[in-house]
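Note: hydrogens, waters and symmetry copies are ignored here, and every other heavy atom, side chains too, is used. The chains referred to below are lettered A, B, ... by the order of the sequence lines, with proteins before strands, and numbering in each begins at 1.
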Protein chains: 2
Amino acid sequence: MKIDPSTPADLSQQIAKAIRDAIISGALPVDERLPSEAELADQFSVSRPTVREALKRLAAQSLIRTQRGATGGAFVNRLRFEDAYGQQITTSTLLLSMNDVSFATACEARYALERACAPLSATRRSADHLATMRAEIHRQGQPGLTDEAFCASDVAFHRALVDAAGNPVLSYQLAGAVEAMQPLMNMITFTARSREMIIGLHGDIADAITAQDAGKADAHLAELASYTQQLAQDVIAKRDAQRGA
Amino acid sequence: MKIDPSTPADLSQQIAKAIRDAIISGALPVDERLPSEAELADQFSVSRPTVREALKRLAAQSLIRTQRGATGGAFVNRLRFEDAYGQQITTSTLLLSMNDVSFATACEARYALERACAPLSATRRSADHLATMRAEIHRQGQPGLTDEAFCASDVAFHRALVDAAGNPVLSYQLAGAVEAMQPLMNMITFTARSREMIIGLHGDIADAITAQDAGKADAHLAELASYTQQLAQDVIAKRDAQRGA
DNA sequence: AGACGTTTAATTGTCTGACAAATGAAAATT
DNA sequence: AATTTTCATTTGTCAGACAATTAAACGTCT
């Protein structure tokens, strides 16, 4: 494991890259213990603080975990889907907020991805996923629910729909898209009527998944997508009208 | 910006979290300069190395960038889609390799997501994207191409297909799924006949996208998906047979 | 001999102080 | 006025030290 001596600055970045590459290539297998900080400092001919900065970079990506004590040290971490969810959601949220991604674009992506899951969910749905979906639909109908709570339940419903596909790769990819949308969805004020409409469509989707009818599920998801877009357009139109006045 | 004094260990992690939350919440806007390391050390009542470890964690996530010199310091970084691609691909690759995700599962996810893009790509495809797809198809037909190069071209073809949807959120999400598949795809040895078959299907897909025929594009993608699964199963069957012998 | 407390060595977490390198701004010079 | 020089600020790096933690080795008592 060597570092590039051509660019003298940012030693910790170079060391982090060297170790990261070793992990990705498989040279350092999961649960392998890295040399101690002092040994790494010797190997790379740098000081311990510099090594530590490199290790913190890797820890931020969940590539290693550290443990104190006699048998402690830094260990190659098995990256689990659950661990990656959080980072994925953070990154997606920032991407949307920092790049002025329109509601329409984010919404389009989200529903396109969800519709990709629907046929698989219809085939594989378990009783557990169906129960979660029904429970969230029921919650959405409770009076006195804030818009934020309604949105959170909406996210939970869609998460269950995606998880029903039984494919962790899909669940991981969609977690970012669905959760990152929530701040944007929160901008919409849901009237009693629009909530009723959404809850109805959720029911239709749940029914179709229960009946393992992929076509119907897809059709109702398409309806929900266009209705959501419609709601957002109304909000934007109202806001613009107020600005003009 | 405060840190939780209940858990004394891992100060750098707590400080990183505090700053990260400030960025996500928007309290620290893009291009805002953070206080100098010395000032942060004062504010959080820790030493400078601890602050530096926290900053390196954030730098690893591309949340900040640092600059030396008189007017230097740490600045909140605008997270761009291009920057996020790399992290997404790294994470996806490790998730697949470290969690024993089967070829079938990864393949299913990838084609499900791609089929979600197809209707949008058929509508919005530009001449540029079509040209890229045709160019990659041509390259795939060149004699003497290694399996790795064939796979790389395959990835490029599918990237163009996804990018044609004109939705950066979709492109970002799919980048991980498609690129992370490549190491798995590389395990397949492509015979002359299977390459011909794949190139033919790529041609069909490109034709359908050119003709803006979403239905046909979806049908050919489904064909390609099942053919790829078939190839993988053959490889696995052969390997198992050899082991038994 | 076996169970239980104690010591000890290894390792990470944190601090202090220092110097080098980069960099833009201010001051001095032409 | 333009250019060069100086300088203050800030990050990058180093050396050494001590505290906190942890498991293994050791010793002691039953």
Side-chain angles (χ1 to χ4, degrees), chain A residues 1-20 22-23 28 31-77, chain B residues 1-20 22-23 28 31-77:
Chain A
M1 213 153 45
K2 293 281 173 59
I3 57 177
D4 181 12
S6 64
T7 52
D10 262 329
L11 286 174
S12 74
Q13 197 169 23
Q14 293 175 44
I15 292 169
K17 175 167 167 39
I19 299 176
R20 178 163 37 237
I23 293 174
L28 291 173
D31 291 334
E32 177 90 349
R33 182 181 177 283
L34 273 72
S36 72
E37 296 176 355
E39 283 174 308
L40 286 172
D42 271 355
Q43 284 184 26
F44 289 112
S45 305
V46 297
S47 67
R48 198 160 83 93
T50 302
V51 167
R52 282 183 62 79
E53 288 178 11
L55 293 180
K56 295 311 166 197
R57 292 180 121 107
L58 300 175
Q61 297 178 298
S62 305
L63 292 184
I64 61 169
R65 61 178 186 278
T66 54
Q67 202 177 2
R68 286 217 270 198
T71 60
F75 298 83
V76 177
N77 199 30
Chain B
M1 212 152 48
K2 293 280 173 60
I3 57 177
D4 181 12
S6 64
T7 53
D10 262 329
L11 285 174
S12 73
Q13 199 168 19
Q14 293 175 42
I15 292 169
K17 176 168 166 39
I19 299 176
R20 180 164 36 236
I23 294 174
L28 291 172
D31 291 335
E32 175 90 349
R33 182 181 176 283
L34 273 69
S36 72
E37 296 176 355
E39 284 174 307
L40 286 172
D42 271 355
Q43 284 183 26
F44 288 111
S45 305
V46 297
S47 67
R48 196 160 84 91
T50 303
V51 167
R52 281 182 64 80
E53 288 178 8
L55 293 180
K56 294 311 166 198
R57 293 179 120 108
L58 299 176
Q61 298 179 296
S62 306
L63 292 184
I64 61 169
R65 61 178 185 280
T66 55
Q67 202 178 2
R68 286 216 271 198
T71 59
F75 298 83
V76 177
N77 199 30

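- Residue B:Arg52 holds its CZ atom at 11.5 Å from OG1 of B:Thr50, rounded to the nearest 0.5 Å.
- Residues B:Ala54 and B:Ile15 come closest through the heavy atom pair CB-CG2, 3.7 Å.
- Atom CD of B:Glu37 and atom C1' of C:dT16 are 15 Å apart (whole Å).
- Residues B:Ile64 and B:Ile23 have side chains in contact (heavy-atom distance under 4.5 Å, counting atoms from C-beta outward).
- Nucleotide D:dT13 holds its P atom 14 Å from the CZ atom of A:Phe44, rounded to whole Å.
- Bending across the helix from C:dA1-D:dT30 to C:dT30-D:dA1, expressed as the angle between its end axes from five pairs apiece, amounts to 10° (10° rounding).
- With a 4.5 Å cut-off on side-chain heavy atoms, A:Leu55 and A:Leu34 count as touching.
- Per the geometry, CD belonging to A:Gln67 stands 14 Å off C1' belonging to D:dA24, to the nearest Å.
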Grab the N/O contacts between the protein and nucleotides 17-19 of chain C below 3.5 Å, and write none if there aren't any.
{"from": "C:dA18", "atom 1": "N6", "to": "B:Arg48", "atom 2": "NH2", "distance (Å)": "3.4"}

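- In this structure, the side chain of A:Arg65 engages the main chain of A:Val76 through a donor-acceptor pair within 3.5 Å.
- Computed from coordinates, the A:Leu40 CG to D:dT13 C1' distance equals 17 Å when rounded to whole Å.
- Atom CG in A:Leu11 sits about 12 Å away from atom C1' in C:dA21, given to the nearest Å.
- From A:Lys56, atom NZ reaches atom NZ of B:Lys56 across 14.0 Å, with rounding to the nearest 0.5 Å.
- Note that CG of A:Asn77 and CD of A:Gln61 are 12.0 Å apart. Values are rounded to the nearest 0.5 Å.
- Of the inter-residue distances, the one linking A:Ser36 atom OG with A:Gln43 atom CD reads 9.0 Å to the nearest 0.5 angstrom.
- For the pair B:Ser12 and C:dG13, the criterion of a side-chain N or O lying under 4.0 Å from OP1 or OP2 is not met.
- Under 4.0 angstrom from either OP1 or OP2 of C:dG13 there lies at least one side-chain N or O belonging to A:Thr66.
- Nucleotide D:dT13 holds its P atom 7 Å from the CZ atom of B:Arg68, rounded to whole Å.
- To the nearest 0.5 Å, atom CZ of residue A:Arg57 and atom CZ of residue A:Arg20 are 8.0 Å apart.
- If you measure from atom CZ of B:Arg65 to atom P of C:dA22, you get 20 Å, rounded to the nearest angstrom.
- Listed nucleotides D:dG12, D:dC14, C:dC15 differ in distance to A:Asp10; the shortest reach to its side chain belongs to D:dG12.
- With rounding to whole Å, A:Arg52 atom CZ is found 15 Å from D:dA15 atom C1'.
- Expressed to the nearest 0.5 Å, how far OG1 of A:Thr66 lies from CG of B:Asp10 amounts to 6.5 Å.
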Which protein N or O atoms sit under 3.5 Å from an N or O of nucleotides 6-9 of chain D?
{"from": "D:dT9", "atom 1": "O2", "to": "B:Ala70", "atom 2": "N", "distance (Å)": "3.2"}

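- Remark: side-chain polar atoms of B:Arg33 are not paired, donor with acceptor, to backbone N or O of B:Ala74 under 3.5 angstrom.
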